[in-house]
Every structure is written in structure tokens, then in C-alpha cells.
Protein chains: 2
Amino acid sequence: MLYAGFMAAVPPPFPTPQEPVDHPELIQLGSVLEADEPCLRADAARNRARLLEAAARLVAERGADAVTMEAVAAAASVGKGTVFRRFGDRTGLLTALLDHSEKKFQAAFLTGPPPLGPGAPPVERLRAFGRAMLARSNDELDLQLAAEPGAPRRFTNPARSVLRHHVAMLLRQVVPDADCELLSHTLMGQLDPALIHHLTKQCGLPLSRLEGAWTDVVDRVTGASPAG
Amino acid sequence: MLYAGFMAAVPPPFPTPQEPVDHPELIQLGSVLEADEPCLRADAARNRARLLEAAARLVAERGADAVTMEAVAAAASVGKGTVFRRFGDRTGLLTALLDHSEKKFQAAFLTGPPPLGPGAPPVERLRAFGRAMLARSNDELDLQLAAEPGAPRRFTNPARSVLRHHVAMLLRQVVPDADCELLSHTLMGQLDPALIHHLTKQCGLPLSRLEGAWTDVVDRVTGASPAG
DNA sequence: AAGTTAAGCGGACCTCGGTCCGGATACTCG
DNA sequence: CGAGTATCCGGACCGAGGTCCGCTTAACTT
């Protein structure tokens, strides 16, 4: 039911395919089976468990920063190579650590009770979704951050800050009653180079579509008439 | 006039403060002076120029990936330590490389002609801003991406993908005529752990404000009545 | 012009993520 | 139960980012 195999996306570091990857792109919500630990050799499964346990202990005792691949390997009394074979890279390991809560969360909005789950009107579900995400990030922040290289610095870039302030300033002139500071973050997110790269280079969307989406969002947010 | 000193934010790697940092946080648009290369010793200034030139050449000839700190140092016939003292870290170096176009861009929307610059109505300027950002990112993508560690992977995380698809699905039920795929990216950007961390931990905003902003954006985007 | 000193320099050094491959070992099949 | 093999293990190894510290030198002083 749930999509849980994502921590297994070990690309091609070792020529040993396992823990099947079910094409992240074309995923259909709900049609995903929970192929969690698929027929791992006995020792491999045991080591995997020990590694996760060791990593969790490290996080708890010394924070997410202390989770170096060597430290985890040592704490699990296992070779370094084993960690990489199993989880691909550091991100994979941290992601696997987050897997449990991730599954619970997916269950909540896919099959759980309203307003998060099916049954409530869509707008209501959207509101609940955001609240739930915020709550989840509030715990786990360390781990979620650690699982994303360079994350803490992304919003301290002064150049970006200037651009965002400019957007906020413009917004204030149009929708003075809104929380323009946060609104500007939302809008700027759409112009993030990483997102642009993903959409144009990896998904093949034409730039014109991104432009259209930007204009559309601006109109929706400001309440302006489209193409005014 | 322009904010250009950002590449100088060399934190505390070496105990030699220079290239003054003008507090990135409390910056007032327009009140920033272009303190570019502030009283650097002659040899230091020369090395700085040589490093930037060498880095630019490496980018042009072998792509942004080839810009390793050692390679730049070697290409500039300079010690590795010098690169780090001048630019702080790799991100700082890449950022400095982007500085020129950044300044031009800032000039365009701060003091340039409408619709990007002052004179046009705010909504018009917002639309133009997005178009300009997209165009700029379209060139320079390599560099902008390289300046942000781990950027390419951010949107290939399957777990995130599931969440985003869920949001897109809900959006489709409410605003079927919109580009819900891209709209979902926009909304998800507001729930990015890195952003949440920045706003709550670094800026000190209460979680309730983030929740409010989320609800507000959902309402604006879907056209729902607030608190419906 | 010589002395003083703070700034700058360079490269050895460290850590950590990631790779490789020779050897070990759990499952399978006869 | 014994041989065969695909899988797995471990740690040596590599490259790149980042740090340190003793030496050098530009710039100011008198």
C-alpha cells in the first residue's frame, strides 16, 4: 500500500542490484507495495538492522552530525563498505532512518481519517496536510536537515535574500494584509535553480511552461485578473 | 547602491577578518553600498583576481564540476590555503563567480527600466521578475547549481515525490484548470525542512505563523474563502 | 633607509564520503 | 552432505573540502 522502498534507491555504486527500485517518477499513489526488506541474505539483513540501530543510537546520543559513515560502521562492528553497499550513501542511510515515520505519515493521508485522509473536502485536506507536515518537521528536523546536504545554508545566501526582499516589497504593495515575508518565500521557491534544473533538464518541461506557472501563481496570490 | 559584498562572507575559518561582511539579515534594499574589494593588500588583490580568472577558465573549459579548490589554486599558481582564506569555501568561490551577473540583475530590478524596474505596477513587476529570474537561471544553471551543494538530488527524493503528488491530486480536485503539477511544487516549497529550519530556528518565527501562512497560501491559490 | 608588524602565503595535514577487490560465507542443488 | 556459486564482507585506498601554523612580505613609521 505504502511507498516505502525509497531508501533502497542504491544507484550503481556496487554491481549488486537488490532492494528493488520502483521508478520514483511514474509512481501511482496507492499502487505501491511495501517491498521493504526483500529477500536479503541472512547476514546482510542482520547487518542492515545493526547499522540502522547503531545510526539511531548515534543520532540520539550525539546528534545527526555525529552520524559519519565510519562511525556507524564501527558502532555496528561492520566494515565501511557494508554501509555503502546497503544504503548507497549517507543520504540513503539518513533517509532509511526516517522511513518509519515516513510510512506512518503516508498512511495517515492516504488511508487515514479525515481531515488528513479521504473523506474531507480537498481544500480542507490541503490545510491539514500542511499542518501535519509542519508538525512532523518540527520533530525530526535534525534528521531531515542532515539528510539533505547543504540545507542549512540555502536560505542564508545574501544574494537570494536581496531578491526575496524585493519580491516581498512588491507583494506588500499589492496585498498589504498578507504575510508578505512568508509569501515571498513561497514565490521564490518556484524560482529555485535546483527546481528549474529538475523541471527543465530532468523532466523536460519547456521554459515557457515555467513562465506560465509563475504568472499564474502571481495572479492567484495577488488576486489579479489573469493577464491583466 | 547594489549589494555586492556577499561573496566576502568568509565566516571564521582563518583568524584574519577582512572583506567586511555587512550583516546579510537586516539588509535594507538600496541602502547597501558596493564595498567590493575593500582595501586588500596588493598581492592579495592580485591573487584574488588570478583565482577568479582561473576558476572562470575552468568552468568554461571543463564545466563547473572541474572547479575543485586544488585545481583552481594550481591553475592560479597559488597555495590552496589562499583560496580558502579569500573565499571561505567552495560555495563562496562559486558565488563570487556569479557576482557580476548578480549585480547586473540587481541593478535591473532596483533602478532599471520598467516593467522590471520601478515605474510599472507591482503585479507587472512581479511577473517580469519571474521571467527575468527564469531567463537568468537558464544561462548560468551549471554555476548556480554547483554553488549549492546537493542541489540536483533535492527533487529526486521519492518520498518527497509522493507527498507532492498527493498535493497535486488534491489541487486537481479544486482547481482543475490550473497547472497543478507546478502549483504543487510551489506549495511544497513552503514545507521544505530547510525553510522551516531557517524560519523557526534562525529567524525565530513561531510555528503558528508558518501554519497561518500555509493556510493563507492554500486559500489564495485555490480561491477558497479564508477559514471556509 | 631601516625597523616593525599585521596581513598574507603555501602546502602539509586531517576528516569524511565514496570506491574497489580479494577473501569469506550463506544459500542451492545434486 | 558436499560442491558450486552468487552474494556479501571488510578495510585499504582515493579524492576533495577544509584547517593549521611557521615563514614571507607589503605597507606603514620614524
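Remember, predicted model here, so these are calculated numbers, not experimental data. Note on naming: letters A, B, ... go to the chains in the order of the sequence lines (proteins, then strands), and numbering restarts at 1 for each one.
- Across Val217(B), Val221(B), Leu171(B), a single residue satisfies side chain to side chain contact (heavy atoms under 4.5 Å, CB included) together with Leu126(A), and that is Leu171(B).
- OP1 or OP2 of dC9(C) lies within a sub-4.0 Å distance of a side-chain N or O belonging to Arg86(B).
- Distance Phe87(B) CZ to dG8(C) P: 13 Å, rounded to the nearest Å.
- Ion pairing between Glu102(A) and Arg160(B) fails under the 4.0 Å rule for side-chain N and carboxylate O.
- Rounded to whole Å, the distance from CE on Met69(B) to C1' on dC13(C) is 17 Å.
- Put simply, Arg85(A) has a side-chain N or O that comes within less than 4.0 Å of OP1 or OP2 on dC9(D).
- Between Asn47(A) and the phosphate of dC8(D), there is no side-chain N or O to OP1/OP2 separation shorter than 4.0 Å.
- Within the model, atoms CG of Asn47(A) and CZ of Arg41(A) stand 10.0 Å from one another, a figure rounded to the nearest 0.5 Å.
- In this structure, Arg209(B) and Glu181(A) approach most closely via the heavy-atom pair NH2-CB, 3.9 Å.
- For the atom pair CG of Leu98(A) and NE2 of His100(A), the computed distance is 11.5 Å after rounding to the nearest 0.5 Å.
- With DNA chain D read from its 5' end, the first of the two nearest nucleotides for Val67(B) and Glu70(A) is the one closest to Glu70(A).
- Distance CG (Leu94(A)) to P (dG17(C)): 10 Å, rounded to an integer number of Å.
- Applying the 6.0 Å contact sphere to CZ of Arg62(B) captures no more than 12 heavy atoms from other residues, nucleotides or ligands.
- In this structure, CD on Gln106(A) lies 10.5 Å from NE2 on His166(B), to the nearest 0.5 angstrom.
- One can place CG of Leu93(A) at 11 Å from P of dG18(C), the figure rounded to the nearest angstrom.
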Are any protein N/O atoms closer than 3.5 Å to N/O atoms in nucleotides 1-5 of chain D? If there are, list each pair with its distance.
none

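- Of the listed nucleotides (dC9(C), dG18(C), dG11(C)), dG18(C) has the atom at the smallest distance from the side chain of Lys80(A).
- Rounding to whole angstrom units, CZ of residue Arg90(B) and P of dG17(D) are separated by 6 Å.
- Residue Ala96(A) comes nearest to Phe87(A) through the heavy atom pair CB-CE2, 3.8 Å, listed as atom of the first residue, atom of the second, then distance.
- Looking at Val162(B), Val167(B), Leu170(B) one by one, the single match for side chain to side chain contact (heavy atoms under 4.5 Å, CB included) with Phe109(A) turns out to be Val162(B).
- Atom-to-atom distance recorded for Arg154(A):CZ and Thr91(B):OG1 is 12.5 Å, nearest 0.5 angstrom.
- Distance check: Arg131(A) CZ to Leu191(B) CG gives 12.0 Å after rounding to the nearest 0.5 Å.
- Rounded to a whole Å, the CZ atom of Arg153(A) is 12 Å from the C1' atom of dG17(D).
- For Asp89(B) and Ala45(A), each mapped to the nucleotide of DNA chain D holding its nearest heavy atom, the one lying further toward the 5' end belongs to Ala45(A).
- Between Arg153(A) and Asp89(B) there is a salt bridge, with a side-chain nitrogen of the basic residue lying less than 4.0 Å from a carboxylate oxygen of the acidic one.
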Let me have a per-nucleotide readout for nucleotides 23-30 of chain D, 5' to 3', with B, S or -, counting only protein heavy atoms under 4.0 Å. --BSS---
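- Contact between the side-chain N/O atoms of Thr68(B) and the OP1/OP2 oxygens of dA16(D) is not found at any separation under 4.0 Å.
- Atom C1' of nucleotide dG17(D) and atom CD of Glu148(B) are separated by 18 Å, given to the nearest angstrom.
- In the region residues 50-66 of chain A, proximity to DNA chain C at under 4.0 angstrom, judged on heavy atoms, holds for none of the residues.
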